[in-house]
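Below is one structure, written out as structure tokens; comments come after it.
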Amino acid sequence: MISSIKPVSSSLTAIAAVRRTVSPKLRFSPLPIIRNFQNSPLRVSSPHNLSTFSLSSAAAEKQRRDVFRVGAYEADRSQPIDIGVEAPGEQSGQKVKIGIYFATWWALNVVFNIYNKKVLNAFPYPWLTSTLSLACGSLMMLVSWVTRVAEAPKTDLDFWKTLFPVAVAHTIGHVAATVSMSKVAVSFTHIIKSGEPAFSVLVSRLFLGETFPLPVYLSLLPIIGGCALAAVTELNFNMIGFMGAMISNLAFVFRNIFSKKGMKGKSVSGMNYYACLSMMSLLLVTPFAIAVEGPQMWAAGWQNAVSEIGPNFVWWVVAQSVFYHLYNQVSYMSLDQITPLTFSVGNTMKRISVIVASIIIFHTPIRPVNGLGAAIAILGTFIYSQVKQNKTENFLHNYAEYFLS
């Protein structure tokens with residue numbers, strides 16, 4: 001005689017109802033009701049009385065209600081667990097977004113460096129040129145906030161206090177890089193600036209007591225060696241230009257350190273953060289620019305540049321100022337969307353694009369050994385970005401798979 005029977009159709013209905021709640025994205029929902037059903041098999045007490053049930057109709061009805069109640073309970077309580085597997089369309093969209101960021105960042109940076117060098121060749125006053133770049137960016141952001149094109153950041157006194165050392169380092173780095181490009185070729189300045197990782201490790205070790213694994217230290221050897229080889233073989237070597245690039249490296253390393261330490265927990269977007277940084281840097285650099293160069297030198301130099309170049313010189317100044325702000329703004333915005341490792345790789349490739357473009361446009365003479373030094377330094381920077389993120393194994397395979405997939 002059959003002692004207990006649970007209605008199969010009701011349980012399957014509950015299971016089907018739960019399955020319909022699973023989204024198209026791969027997820028897992030625990031269904032204990034299946035286990036309850038499997039643990040309650042049919043029990044036959046006698047093969048001769050299969051048509052006779054021991055349960056009364058009332059008891060059978062009660063048990064059916066219990067099954068229905070359990071099924072509904074399990075369906076309501078089941079919590080889908082998102083495994084986080086991205087669909088192919090989402091991966092493709094992310095790659096396209098990163099590609100757009102990189103292409104925009106590199107293009108704006110190349111255009112800025114070209115116009116910046118044109119301006120400095122005709123108007124050799126790097127302090128005023130640096131000031132105009134910061135002033136243009138500050139004005140652009142103030143207009144966007146007033147017109148509500150961009151939402152103004154909510155800041156307080158503590159925000160500006162933490163921003164102050166960042167702005168000091170940013171100002172020094174910006175002016176030093178401009179001084180360097182006023183004395184030497186754009187390609188040479190960027191070759192020397194590719195040695196920034198060596199300064200980063202040195203400063204972190206001496207001032208912060210941070211230690212690094214052996215592969216990080218080894219990756220600095222090609223960076224230092226490549227920069228040294230490029231500097232020694234530079235046809236138009238200038239000590240002021242060389243020291244300007246070195247000081248810029250050191251200042252930007254401190255800027256990054258102060259930024260990481262001071263901006264923890266601050267809810268300011270990358271675009272607005274750089275806007276505030278530009279405004280404070282403008283306040284810092286203006287009095288020094290007036291003291292070092294002065295309005296009289298600016299007026300004489302401006303008149304001479306306009307007479308030699310013509311009205312196009314004004315457009316050069318506007319272009320270098322606008323594109324300086326835009327490329328920095330895009331780089332800060334990209335940090336909100338990509339990983340630091342991807343950003344460092346993009347920064348390395350950016351320098352290659354600037355070096356190649358400047359050599360072509362300005363017809364910069366370069367020896368084969370000088371090009372070899374630049375290539376070694378750039379390669380060392382790329383290797384450093386890998387080992388710094390603990391990607392020492394198969395990183396070439398990983399990136400080939402990423403970009404070719």
Side-chain angles (χ1 to χ4, degrees), residues 100-144 147 149-150 170-171 173-190 193 241 244-245 248 271 274-275 277-279 281-282 285-286 289 293 297-334 346-347 350-364:
I100 293 174
Y101 270 113
F102 277 5
T104 306
W105 179 19
W106 298 343
L108 293 174
N109 189 260
V110 168
V111 174
F112 158 71
N113 279 276
I114 292 172
Y115 279 106
N116 191 46
K117 185 60 178 176
K118 285 178 174 288
V119 170
L120 292 172
N121 286 341
F123 185 76
Y125 297 97
W127 283 86
L128 178 60
T129 304
S130 303
T131 304
L132 292 176
S133 301
L134 296 171
C136 180
S138 301
L139 179 62
M140 290 171 61
M141 289 308 301
L142 285 175
V143 171
S144 65
T147 58
V149 174
H170 178 74
T171 303
H174 175 44
V175 174
T178 309
V179 170
S180 176
M181 279 189 277
S182 69
K183 299 296 183 180
V184 296
V186 176
S187 57
F188 179 72
T189 298
H190 279 272
K193 284 179 67 63
S248 178
M271 179 178 66
Y274 181 72
L277 181 62
S278 296
M279 294 175 187
S281 294
L282 176 62
V285 75
T286 300
E293 295 173 348
M297 296 178 63
W298 294 340
W302 187 275
Q303 185 177 2
N304 182 56
V306 172
S307 62
E308 291 184 0
I309 307 300
N312 286 336
F313 174 73
V314 179
W315 293 110
W316 290 359
V317 175
V318 174
Q320 74 90 23
S321 301
V322 171
F323 282 103
Y324 172 78
H325 176 76
L326 291 179
Y327 104 78
N328 275 285
Q329 188 177 83
V330 171
S331 68
Y332 271 81
M333 291 171 63
S334 66
N347 195 47
K350 177 206 72 176
R351 296 206 186 280
I352 296 176
S353 62
V354 172
I355 291 172
V356 173
S358 64
I359 290 175
I360 295 174
I361 292 175
F362 295 107
H363 305 287
T364 305

One should read off an interatomic distance between Asn109 CG and Asn116 CG, to the nearest 0.5 angstrom, of 10.5 Å

Starting at CG of Leu326, measure out to CZ of Phe112 and round the result to the nearest 0.5 Å. 11.5 Å

Do Met140 and Val149 touch side chain to side chain, with heavy atoms closer than 4.5 Å? no

All heavy atoms of Thr189 vs all of Ala245, minimum pair found to be O-CB, 4.1 Å

pair Asn113-Met181: side-chain heavy atoms closer than 4.5 Å: yes

Less than 4.5 Å apart, side chain to side chain, heavy atoms only: is that true for Val285 and His174? no

Heavy-atom closest pair, residues Gly301 and Tyr125: CA-CE1, 3.7 Å

Would you say Met141 and Met279 make side-chain contact, with heavy atoms under 4.5 Å? yes

Shortest non-hydrogen pair, Ser358 vs Thr364, comes out as O-OG1, 3.7 Å

Determine whether a donor-acceptor pair (N or O, by modelled atom type, separation under 3.5 Å) exists between the side chain of Lys117 and the backbone of Ala185. no

About how many Å separate OG1 of Thr286 and CG of Leu134, when rounded to the nearest 0.5 Å? 8.0 Å

Beyond-backbone contact of Val110 with Tyr327, side-chain heavy atoms, under 4.5 angstrom: no

Can you check whether Ser278's main-chain N or O pairs, donor with acceptor, with Ser281's side chain at less than 3.5 Å? no

To the nearest 0.5 Å, tell me how far Ile361 CD1 sits from Ile114 CD1. 3.0 Å

Determine the minimum heavy-atom distance between Ser133 and Tyr324, stating which atoms define it. CB-CD2, 3.6 Å

Closest non-hydrogen contact found for Leu282 with Ser138 is CD2-OG, 4.1 Å

So, Glu293 side chain and Leu128 main chain: donor-acceptor pair closer than 3.5 Å or not? yes

Gap separating the CH2 atom of Trp105 from the CG atom of Asn328, nearest 0.5 angstrom: 10.0 Å

Over 12 foreign heavy atoms within 6.0 Å of NZ, Lys183: no

What about the rings of Tyr274 and His325, do their centers lie closer together than 6.0 Å? yes

Please report the interatomic distance CZ(Phe123) to CD(Gln320), rounded to the nearest 0.5 Å. 10.5 Å

Between Ala176 and Ser248 the two heavy atoms that sit nearest each other are CB-N, 3.8 Å

In residues 304-318, what donor-acceptor pairs under 3.5 Å come from side-chain atoms, sequence neighbours left out?
unit_1, atom_1, unit_2, atom_2, d
Ser307, OG, Gln303, O, 3.2
Ser307, OG, Asn304, O, 2.6

Any side-chain donor paired with an acceptor under 3.5 Å for Thr129 and Thr178? no

